[in-house]
Amino acid sequence: MLKVLKFGGTSVGTLDRIQNVAEIIKKIKDEGHNVIAVVSAMSGETNKLIEYAEHYTKSPVANEMDMLLSSGERVTSALLSIALNAQGYKATSMSGRQAGIVTDNAHTKARIESIDTANMKNALNDGNIIIVAGFQGIAEDGRVSTLGRGGSDLTAVAIAGAIEADVCEIYTDVDGIYTTDPRIEPKAKKLEKISYDEMLELASLGAKVLQNRSVEMAKKLNVNLVSRSSFTPEVEGTLITKEENIMEQPVVSGIALDKNQVRVGMYGVTDRPGIASAIFTALADANINVDMIVQTVGVDGKTDLDFTIPTTDWETCKKVMEKFKSEAENIDYNETICKVSIVGVGMKSHTGVASKAFTALASENINIRIISTSEIKISMIIEEKYAELAVRALHDAYELDK
Ligand code: ADP
Ligand code: ASP
Ligand code: MG
């Protein structure tokens, strides 16, 4: 079998942990499989590099950020390869470029355009274990690019899809996908399987155990995706798979929390045709991921517009909103909010799911500021200080520990 394995920041967080990863890879290699391992930067490294850049400016030049941040993954890939070679295993590290990963020019949040697998195939044919530096590629402009936070997951899935690997295993510090973040709710239960769509919602709504774009890619390319732990590699993880492969669908599968959200409020906006289009086109052009848009009923030619954005897009959003200053009486930002969401494909065919969520929060005296729903999710904006309490209350309400 050809296995693509991905090891996240904590799994390679120290030199001893890199050795632990080498042991996992050696065992799989000894079982007769071919291995491509994708690695993250050592935990904390990417944040440290971002802080270095922010010493000079809040909005550093994007392509230089990529030059900076991509270094973290390169360090780990080389160290892991050095460790394996030292123990008599033939291994070779590759940067994103050497692995053939070509992206667009959207520096710091680049999209993968294509993967030329020739180099990796040659290295595998020569009997190598390949260690790819995750989270990066080569942009069309010829410079190194990065794939957004958590992007090593995407590297692994994209490679697995392109090279038609048998499985893509994402090794992290928890042994699978739980009904909610087990660090918030210790009663959370591990799922044996979860559908691509539910996992995509959970990931997009804040469950960072898998990067959302990696799940989207896995669904598109039909990759057998597994989430498991590098600390307990003997424990089977969670399979992310097609909905029809899951026999019994619970109404609610999981709860996600996203604290990295800012609510943008525009008050007294001129209520004219085209205003929403102008604002949200400008935000889209700036690559800002807008969510939960609420417009109130217009009164006297004025209306209020609320929406949420990721905290990382806040600076850029402020710049875009400068253009609309004259269109609103006031624009304000609130970052002491968070988004809690419940996700489940069973919602499509069950009633009373939403009311149960609202009742659960009401009984904890938590005020809901914004609600948005889709076919398989309900999201609520609440005050950030109630985040964990809300997650636990919802987990109880849907009896997810049962
Ligand atoms: P890595 O560094 O390996 O990429 P991350 O920190 O990005 O790992 O993701 C793993 C973390 O995701 C876990 O430590 C856990 O706290 C968190 N997490 C959030 N939601 C869930 C969930 N539903 N199931 C499991 N882990 C979750
Ligand atoms: N090192 C990058 C990050 O911290 C990418 C990753 O770990 O997936 O976001
Ligand atoms: Mg991650």
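We count ligands from 1, going down the list as the structure has it; atoms in each ligand are counted the same way. Reckoned from all heavy atoms, side chains included, excluding hydrogens, waters and symmetry mates.
- Salt bridge present: Glu388 and Lys259 bring a charged side-chain N and a carboxylate O closer than 4.0 Å.
- For Gly8, the closest heavy-atom approach to ligand 2 does not fall below 4.0 Å.
- For Ser40, the heavy-atom gap to ligand 1 stays at 4.0 angstrom or more.
- With respect to Lys90 and Asp126, no salt bridge is recorded, no charged nitrogen being found less than 4.0 Å from a carboxylate O.
- For Glu113, the CD atom counts as densely surrounded, since its 6.0 Å shell holds more than 12 non-hydrogen atoms of other residues, nucleotides or ligands.
- Under a 4.0 Å heavy-atom criterion, Gly150 is in contact with ligand 2.
- For ligand 2, the polar-atom distance check against Gly148 finds no nitrogen or oxygen pair separated by under 3.5 Å.
- Residues Ser81 and Asn85 bring a donor and an acceptor atom of their side chains to less than 3.5 Å of each other.
- Side-chain atoms of Ser114 and Asp116 include no donor-acceptor pair closer than 3.5 Å.
- The residue from Ser253, Gly176, Ala256 that puts a heavy atom closest to atom 25 (C) of ligand 1 is Gly176.
- By the 4.0 Å heavy-atom criterion, Lys6 is counted among the residues contacting ligand 1.
- Between Thr179 and ligand 1, not a single N/O pair is under 3.5 Å apart.
- Of the N and O atoms on the side chains of Thr180 and Glu185, not one donor lies less than 3.5 Å from an acceptor on the other residue.
- Scanning the protein for heavy atoms near atom 2 (O) of ligand 1, the closest one is Gly9 N, 3.1 Å.
- For atom 27 (C) of ligand 1, the closest heavy atom belonging to the protein is Val209 CB, 3.6 Å.
- Using a 4.0 Å cut-off between a side-chain N of Lys or Arg and a carboxylate O of Asp or Glu, Asp313 and Lys109 qualify as a salt bridge.
- Ligand 1 has no nitrogen or oxygen under 3.5 angstrom from a nitrogen or oxygen of Asp153.
- Considering backbone and side-chain N/O atoms, Ser11 never comes within less than 3.5 Å of an N/O atom of ligand 1.
- With salt bridges taken as basic N to acidic carboxylate O contacts below 4.0 Å, none links Arg213 and Glu216.
- Neither the backbone nor the side chain of Ser43 comes within 4.0 Å of ligand 1, counting heavy atoms alone.
- The nearest protein atom to atom 7 (O) of ligand 2, hydrogens excluded, is given as Ser40 OG, 2.9 Å; this is a heavy-atom distance.
- At under 3.5 Å, a nitrogen or oxygen of Glu73, whether backbone or side chain, sits near a nitrogen or oxygen of ligand 2.
- Listed here is the closest heavy atom pair of Gly72 and Leu49: N-CD1, 4.3 Å.
- Near Tyr178, with a cut-off below 4.0 Å to any heavy atom, the atoms of ligand 1 are 22 (C), 23 (N), 24 (N), 25 (C).
- Closest to atom 3 (O) of ligand 1 among all protein heavy atoms lies Thr172 OG1, 2.7 Å.
- Close approach to Thr180 involves these atoms of ligand 1, each under 4.0 Å from a residue heavy atom: 22 (C), 23 (N).
- Salt bridge present: Lys325 and Glu322 bring a charged side-chain N and a carboxylate O closer than 4.0 Å.
- Here the protein heavy atom with the shortest distance to atom 3 (C) of ligand 2 is Arg149 NE, 3.3 Å.
- By the criterion of a heavy-atom distance under 4.0 Å, the side chain of Val174, and not its backbone, is placed next to ligand 1.
- Checking only distances, Ser152 does come within under 3.5 Å of ligand 2, N or O to N or O.
- Taking only nitrogen or oxygen atoms, main chain and side chain alike, Ile177 does not reach within less than 3.5 Å of ligand 1.
- If you check the side chains of Thr10 and Asp173, you find a donor sitting under 3.5 Å from an acceptor.
- A salt bridge does not link Arg369 to Asp306: none of the charged side-chain nitrogens sits closer than 4.0 Å to a carboxylate oxygen.
- Of all protein heavy atoms, the one lying nearest to atom 21 (C) of ligand 1 is Asp181 CA, 3.6 Å.
- Relative ring orientation between Phe280 and Phe307 is described as perpendicular, the plane-to-plane angle rising above 60° on a 0-90° scale split at 30° and 60°.
- Every atom of ligand 1 with a heavy atom of Asp173 under 4.0 Å away is listed here by number and element: 10 (C), 11 (C), 13 (C), 14 (O).
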